[in-house]
Amino acid sequence: MSKEPILKVSGISKSFGGIKALNDVSFDVHAGEILGIIGPNGSGKTTVVNCITGFVKKSSGHVFFRGKDISRKPPHKIADMGVTRTFQIMRPYYSLPAYKNLVVPLFSPRAKRTGGWRGGGRLGDRNTVGIDILEEIGFERDSYVPYKLAATLPTGYLKRLELARCLALKPEIIICDEIFSGLSMSEIASMVPLIERLQMDGITLIMIEHRLRELFRVTDRIMVLNFGKKLMEGHPKTVMANEAVKAAYFGSQTVQEVMDHA
Amino acid sequence: MTLPSEQERKERIDRGIKIRSDSIYAMMSHRELSYLTLPRLILIVGMLMIPLVIPSMYWQRVFTISCIYALLAISFDFLAHYVGLVSLGGAFFVGTGGYLAAIANTSLGLPPWLTVPLATLVGGGLCTLLLLPCLPLRGVYFAIVSLMYPLFLARVIEALDILGGTDGIMGIDSFPNHWVEQYFIICILLLILFGARRLVNMDIGLVLRGVKDNDQAIRASGISVTFYKSVAVFIASAMGCLSGACLVHIYMWSGISQFALDFSIIPIAATVIGGGGTLVGPLLGCLILVPISELLRDFGTLRIVFYALILVAFIIFRSEGIMVYGQRKYHQFERWIKY
């Protein structure tokens, strides 16, 4: 892990009016790893994603992707470089069928450049390439599901559609914003191997999660945010054993009260 | 068929023939083929026949003007329902296209078959350039800004007394004869109608529809929203400029009434009546609305009242529009089922 990090976030801050959503957060992501970002509600996890991918303008700080400064680039340029994201609140094109949802990212400059999915490129019809990607991500090809309107799909499929949109761009990094939330246990169980396969395909992942148990199955390094500050980072076990992290999650007072009653 | 009660609801199911004719296998039977082609043939043949069956020159002219409005209405429908930009810029496009064609014709001496394409392309580019700063705006804010331009340009021409001032530019060449004029506009209209329908179902059209549905997701897909919005605005404004250019050659005159709000409002009313998002609906709406407004001309100012009544009736009784209703009846059957 002594190599140059693929994504280097150095000292980013963001304030919305008087509220400091992020305060001097720095971390590195190395190629091929899965980094988990956890923290209580409102700790600035999604803001980190928004700042990296350019959806929100940083107040200060820099983001480097493969050594290049991407801090001031617009979101579509950042996605064009291969840093893609999913949205916590799913954003499919509701009026289009699921597979047509993928025609849009396949039409992007990056997808055209990288030759689409598995070298399909200009030779391959975008519709078939789209269905191929959907099959990879767990839509049953022979069922009606890939052909249904996105508006009629349940949450589980919409979350997969979010991932599929990233995959259509042949990304280098996927930032998953709470990809497990709102899913049933069985849906999560089928999603975990998917994440593991993405890692094996050489894609670097950053996962923002509340579902810690599932997160710890796939990741070996996590970072904890609280009130927009980075508390610590490291192996899941050492992080969860940390007193400050416990306090952040359970509230220091509550912990104290529990201790008193014990 | 039972009477509707609280325990029952209407169920809509696609007709078998619609499903059979969805794919390439429709080619295998005459029934399916005619199911697909007949509505289109009726439209095309009907449009081409109308000038022949209309007796008077006056009503032929009204029909031509309806087609001009139909172009504007298709451009409005395309922008509003497939790109999500509600534009009140019809008058802006007509005025720009009209004045460009007029200048090209009178100052440069170009014949109509050159001025029309010139005004279409240059006008489209010019309108896109002027609307470019407003593209981040959405919904009603974009509508307001696009309404501002025709008012603004008309006042500029009036105040600075340029481009003929309030008198306008006179002495513009007309089309060779009224048959050429009519069939040129009808053919262009049909070409644009089918072209636009094709466009919105192509891959680039899906991107445009994506911009309407969810522009954040477009950004996350590595696609520039502003670029595709400006492409769409160029297409729509070029359509508008084309209609403006045709209009000045029909009237042989270009004036600030080219910036009149009629050109912004009637296309919207026609889209409401014809059915938004169908592209052919606005055409139908114009063929109904423009002749009606001519018929009501005898009533003087009272015609506004009748006109408004018709609109209100449509909004109350058929708010989805004629074409949406018609397409539903054509493709689906309905039945009452128990919950």
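In what follows, every heavy atom counts, from backbone to side chain, and hydrogens, waters and symmetry copies are set aside. Computed from a prediction, not measured in an experiment: that's the story for all the values here. Letters go in sequence order (proteins before strands), and every chain restarts at 1.
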Rounded to the nearest 0.5 Å, what separates atom CZ in A/Arg160 from atom CE in A/Met90?
12.5 Å
Has B/Lys10 got a side-chain atom pairing as donor or acceptor with B/Glu334's backbone, closer than 3.5 angstrom?
no
Does a salt bridge link B/Arg138 with B/Asp215, judged by any charged N lying under 4.0 Å from a carboxylate O?
yes
Given that the side chain runs from C-beta out, which part of B/Tyr228 has a heavy atom under 4.5 Å from chain A: side chain, backbone, both or neither?
side chain
Find the one option among A/Val104, A/Asn127, A/Asp80 whose heavy-atom pairs under 4.5 Å with chain B are most numerous.
A/Val104
B/Tyr330 side chain to B/Pro39 backbone, donor-acceptor under 3.5 Å:
no
Pairs of heavy atoms under 4.5 Å with chain B: top-ranked of A/Tyr94, A/Phe107, A/Tyr93:
A/Tyr93
Ranking B/Leu206, B/Ile218, B/Asp213 by heavy-atom pairs under 4.5 Å to chain A gives rank one to B/Asp213
Toward chain B, the part of A/Ser95 with a non-hydrogen atom under 4.5 Å
both
Chain A interface, residue from B/Val225, B/Val207, B/Ile223 that has the most non-hydrogen pairs under 4.5 Å
B/Ile223
With a cut-off of under 6.0 Å to the ring centre and 45° to the axis, is B/Lys229 in cation-pi contact with B/Phe227?
no
